[in-house]
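The structure under discussion appears below in the form of structure tokens.
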Amino acid sequence: MLDCIGELPRDKQALARSTVQRVFGGGDDWRATMRERLQLAPTIDEAFRGMWTRNQELAKQHHQEGHAIQFAKMIADENFAPLI
């Protein structure tokens, strides 16, 4: 999710790719591999970006800062806990 919203550091991107490839196989597009394994829609990346944008707008309206890791945890807890 952090990679989808542009918040995953470059060194972590490489780690994510190699970990997914080692555990699940697949090619260089490790996000496609994860979407397939978790049976997620091909549009999920776009949905994450939209949610992140709305979250950032709400935070700004309330004079707060949106934190990417907190956002990712919230979305994961609400939507993916049964898959983990």
Side-chain angles (χ1 to χ4, degrees):
M1 186 174 319
L2 291 174
D3 193 46
C4 293
I5 64 172
E7 295 291 328
L8 187 65
R10 186 170 298 276
D11 64 319
K12 300 296 185 199
Q13 291 172 12
L15 177 61
R17 182 179 61 251
S18 66
T19 301
V20 169
Q21 288 173 331
R22 186 176 63 252
V23 174
F24 298 113
D28 285 336
D29 188 353
W30 62 272
R31 287 190 291 171
T33 301
M34 291 305 298
R35 284 191 301 272
E36 180 183 323
R37 294 296 253 172
L38 297 175
Q39 299 177 349
L40 301 173
T43 57
I44 195 74
D45 294 5
E46 184 179 322
F48 289 150
R49 285 188 291 274
M51 287 186 276
W52 174 241
T53 299
R54 286 189 297 282
N55 183 275
Q56 290 293 88
E57 290 169 357
L58 287 171
K60 187 176 180 180
Q61 288 174 5
H62 291 95
H63 307 288
Q64 297 176 348
E65 184 179 342
H67 297 281
I69 292 175
Q70 290 175 339
F71 168 78
K73 285 180 180 180
M74 176 185 69
I75 298 300
D77 288 349
E78 290 177 5
N79 297 283
F80 300 107
L83 298 174
I84 299 172

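We count residues from 1, following the sequence as given. Heavy-atom basis, side chains included; hydrogens, waters and symmetry copies ignored.
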Closest heavy-atom pair and its distance - Ala68, Leu2: O-CD2, 3.6 Å

Mind listing the closest non-hydrogen atom pair of Gly66 and Ala59 along with its distance? N-CB, 3.7 Å

Under the side chain to side chain contact (heavy atoms under 4.5 Å, CB included) rule, collect the residues that match up with Pro9, sequence neighbours excluded. Asp11, Lys12

What residues, two or more places apart in sequence or in another chain, satisfy side chain to side chain contact (heavy atoms under 4.5 Å, CB included) together with Thr53? Glu57

Treating Ile, Leu, Val, Met, Phe, Trp and Tyr as nodes and any side-chain heavy-atom pair under 4.5 angstrom as an edge, say whether Met51 and Phe80 lie in one connected cluster. yes

Kindly work out whether a path of hydrophobic side-chain contacts (I/L/V/M/F/W/Y, heavy atoms less than 4.5 Å apart) joins Ile5 to Met74. yes

For residues 16-26, run the donor-acceptor check on the side chains, cut-off 3.5 Å, and write out each pair with its distance to 0.1 Å, sequence neighbours left out.
unit_1: Ser18; atom_1: OG; unit_2: Ala14; atom_2: O; d: 3.3
unit_1: Ser18; atom_1: OG; unit_2: Leu15; atom_2: O; d: 3.1
unit_1: Thr19; atom_1: OG1; unit_2: Leu15; atom_2: O; d: 2.8
unit_1: Gln21; atom_1: NE2; unit_2: Gly27; atom_2: O; d: 2.8

So side-chain hydrogen bond (donor to acceptor under 3.5 Å, both in side chains) across residues 63-80, not counting sequence neighbours, yields none

If you look only at pairs with a residue in residues 36-48, which of them pass as a side-chain hydrogen bond (donor to acceptor under 3.5 Å, both in side chains), with sequence neighbours excluded? Arg31-Asp45, Arg35-Asp45

Across all chains, not counting sequence neighbours, the ring pair (Phe, Tyr, Trp, His ring centres under 6.0 Å) partners of Phe71 are Trp52

Please round to the nearest 0.5 Å and tell me the distance separating atom CG of Asn55 and atom NZ of Lys60. 14.0 Å

